[in-house]
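Contents: one structure, followed by commentary.
When a residue number appears, it is its place in the shown sequence, counting from 1.
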Amino acid sequence: STFFKIVIIIATILVAIFSLHTKELDNYRMGEYFTLLGIVTFGLFLMVSSIDLVMVYLSIEIVSIMSFVLAGYLKQNTRSNEAALKYVVYGAFSSGIMLFGLSYVYGLTGSTNFFQIQHVLLSSGQDNAPAILLSVVLILAGFGYKGSAVPFHFWTPDVYEGSPTTITAYLSVAPKAGALAMMIRFFNQVLSDGGAMYPPEGISLSELPWANIISLIAVVTMTIGNLIAIQQDNIKRMLAYSSIAHAGYMLVGIIALISTSSAGSTTLFYVVGYALTNLTVFFCLQYVINVTHSSSINSLRGLFSVYPLVSILLTVSILSLLGIPATVGFMGKVLVFSSAVDNGLAWLAVVGVINSFISAYYYLAMLRNIYISTEKFEQKSNSNNNYILVASLSSSLVLILGVFPDLLLSI
């Protein structure tokens, strides 16, 4: 929880700096905006620390309701209104399904505390296996919704496109980290002996097909995310589907963590690498959106001829998302896929690698527009250079951690 809190607070600080200079929020009240951002951060802190079913649910609700408001913060923008409405509908639906699953766990064990639930489940053996399996599938609806996993991802593209770019950046990073932390704690503590976070290795309730369920979700998530991203012509929608695909990669780390402690550090490394990379992408894209007043992929045409530094920073982050060597994204994928192979899930690692090749199509399409397009870059106004300063810092970390991963893995 401490590790995830550090990731969340750094992401929040960067997005707060990001928010001070965006033109999208010029006509809106910022006091309430930062208050809501603070409440989301508080909710995320509770999410990564929760060891009780009631607190898990309450923390998800705190984060969700504040996120609904922030997604629809641009009240004069119809797309922002649409984003908030769809977010509310999908949020309420997945929340209800999850609560139903939590009630099953409580009914079977008589407790909401993770440690007591774990004790009852381990002592009862496989007597309640069908009911536990059903309840966990229902609970995954809530976790999957926060992490944008298929089939709970439908809100993601519309919310990413309609929200202020600052909030899109935040939703792509912080709630994902919170959902991953909850899944790690739930599967490690409730469904095993809790040893996966501490040597020796944990003893999972392996007779129940947790790995198979999450493997299926991971494969479908990364495949659908990448295939639909290819068809997008709006950068924010494309990054939404890219975010869904990366949720699938993160789930591969969760599967490995269920059965061995070695996957713990690799999963956390991937989260940090993805957070740094995605924030860098959004810092650069906000700069482009500010000067072009467009979020179309075509707005990147000729960018290098006018803004070479922005182009280089954006290139570094795109290559990291793609998983090119010497970037933190490459190292993260190597570690996660290696942990899958070590746990007898080589086929899952192969699917992940194939999906990385599929993602090259739309990532390289962005680079083609930046460098190869002969069309003139259409600049309509100027932008604040503070984006470039922060993007330079985060892209430097993307390269440093890609070359020296032990700087983070040791932590």
Side-chain angles (χ1 to χ4, degrees), residues 1-5 8 42-64 94-147 149 152 175 177-214 217 251 253-264 267-268:
S1 65
T2 303
F3 184 92
F4 275 102
K5 285 176 184 176
I8 289 164
F42 168 70
L44 288 169
F45 274 33
L46 294 181
M47 277 174 70
V48 302
S49 301
S50 298
I51 56 167
D52 189 278
L53 297 180
V54 176
M55 185 52 72
V56 164
Y57 180 73
L58 287 175
S59 60
I60 287 178
E61 288 301 285
I62 291 171
V63 173
S64 296
S94 60
S95 178
I97 294 175
M98 181 184 184
L99 196 57
F100 190 52
L102 294 176
S103 70
Y104 261 87
V105 174
Y106 174 72
L108 289 166
T109 61
S111 175
T112 57
N113 181 276
F114 280 10
F115 299 96
Q116 293 177 16
I117 293 170
Q118 170 217 43
H119 178 73
V120 173
L121 293 181
L122 287 175
S123 61
S124 65
Q126 301 300 310
D127 295 342
N128 297 321
I132 289 295
L133 183 61
L134 173 62
S135 64
V136 171
V137 170
L138 295 173
I139 291 168
L140 276 172
F143 293 161
Y145 156 72
K146 292 311 299 178
F152 315 105
L180 198 72
M182 279 200 307
M183 289 185 72
I184 289 172
R185 194 184 292 277
F186 184 78
F187 280 97
N188 175 58
Q189 186 58 60
V190 177
L191 303 178
S192 75
D193 69 347
M197 298 296 279
Y198 314 95
E201 294 180 355
I203 305 168
S204 174
L205 299 177
S206 55
E207 292 181 33
L208 296 174
W210 310 128
N212 293 339
I213 293 170
I214 302 179
I217 295 174
L251 287 174
I254 293 285
I255 299 161
L257 182 62
I258 293 174
S259 55
T260 178
S261 59
S262 63
T267 307
L268 302 188

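Atoms OG1 and CD1, on Thr109 and Ile132 in that order, are 7.0 Å from each other to the nearest 0.5 Å. Summarising the geometry, atom CG belonging to Leu44 is positioned 4.5 Å from atom CD1 belonging to Ile8; distances are rounded to the nearest 0.5 Å. Leu53 CG to Ser111 OG: the interatomic distance, rounded to the nearest 0.5 Å, is 7.5 Å. In this structure, Ile60 CD1 and Tyr145 OH are separated by 9.0 Å, a value rounded to the nearest 0.5 Å. Considering OG of Ser59 and CZ of Phe45, their distance stands at 13.0 Å, rounded to 0.5 Å.
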Met182 and Val56: side chain to side chain contact (heavy atoms under 4.5 Å, CB included), yes or no, with the steps? CA-CA 8 Å; Met182 279 200 307; Val56 164; 3.7 Å; yes

Criterion side chain to side chain contact (heavy atoms under 4.5 Å, CB included) on Ile184 and Phe4, from CA distance to verdict: CA-CA 11 Å; Ile184 289 172; Phe4 275 102; 4.2 Å; yes

Test Met47 against Ile62 for side chain to side chain contact (heavy atoms under 4.5 Å, CB included), laying out the working first. CA-CA 9 Å; Met47 277 174 70; Ile62 291 171; over 6 Å; no

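Within 6.0 Å of CZ on Phe3 lie more than 12 heavy atoms contributed by other residues, nucleotides or ligands.
Residues Leu180 and Phe143 are not in side-chain contact: their nearest non-hydrogen atoms beyond the backbone lie 4.5 Å or more apart. Within the 4.5 Å cutoff, the side chain of Tyr104 has no heavy atoms near those of the Ile139 side chain. Within the 4.5 Å cutoff, the side chain of Val136 has heavy atoms near those of the Phe186 side chain. Looking at Leu133 and Ile213, their side chains come closer than 4.5 Å, going by heavy atoms from C-beta outward.
In terms of heavy-atom proximity, Leu251 sits nearest to Ala149 at CD1-CB, 4.2 Å. Taking each heavy atom of Leu138 and Phe100 in turn, the nearest pair found is CD1-CD2, 3.5 Å. Nearest heavy-atom pair across Ser135 and Val105 is OG-CG2, 3.6 Å. Across all their heavy atoms, Gly43 and Val63 have their closest contact at C-CG2, 3.5 Å.
No side-chain N or O of Ser50 forms a donor-acceptor pair with one of Tyr57 less than 3.5 Å apart.
In terms of modelled atom types and a separation under 3.5 Å, the side chain of Arg185 and the main chain of Ile51 share no donor-acceptor contact. Judged purely by atom type and a 3.5 angstrom limit, Ser49 has no side-chain atom pairing as donor or acceptor with the backbone of Leu46. Counting only distance, with no hydrogens or angles, the side chain of Ser64 and the backbone of Glu61 share no donor-acceptor pair below 3.5 Å.
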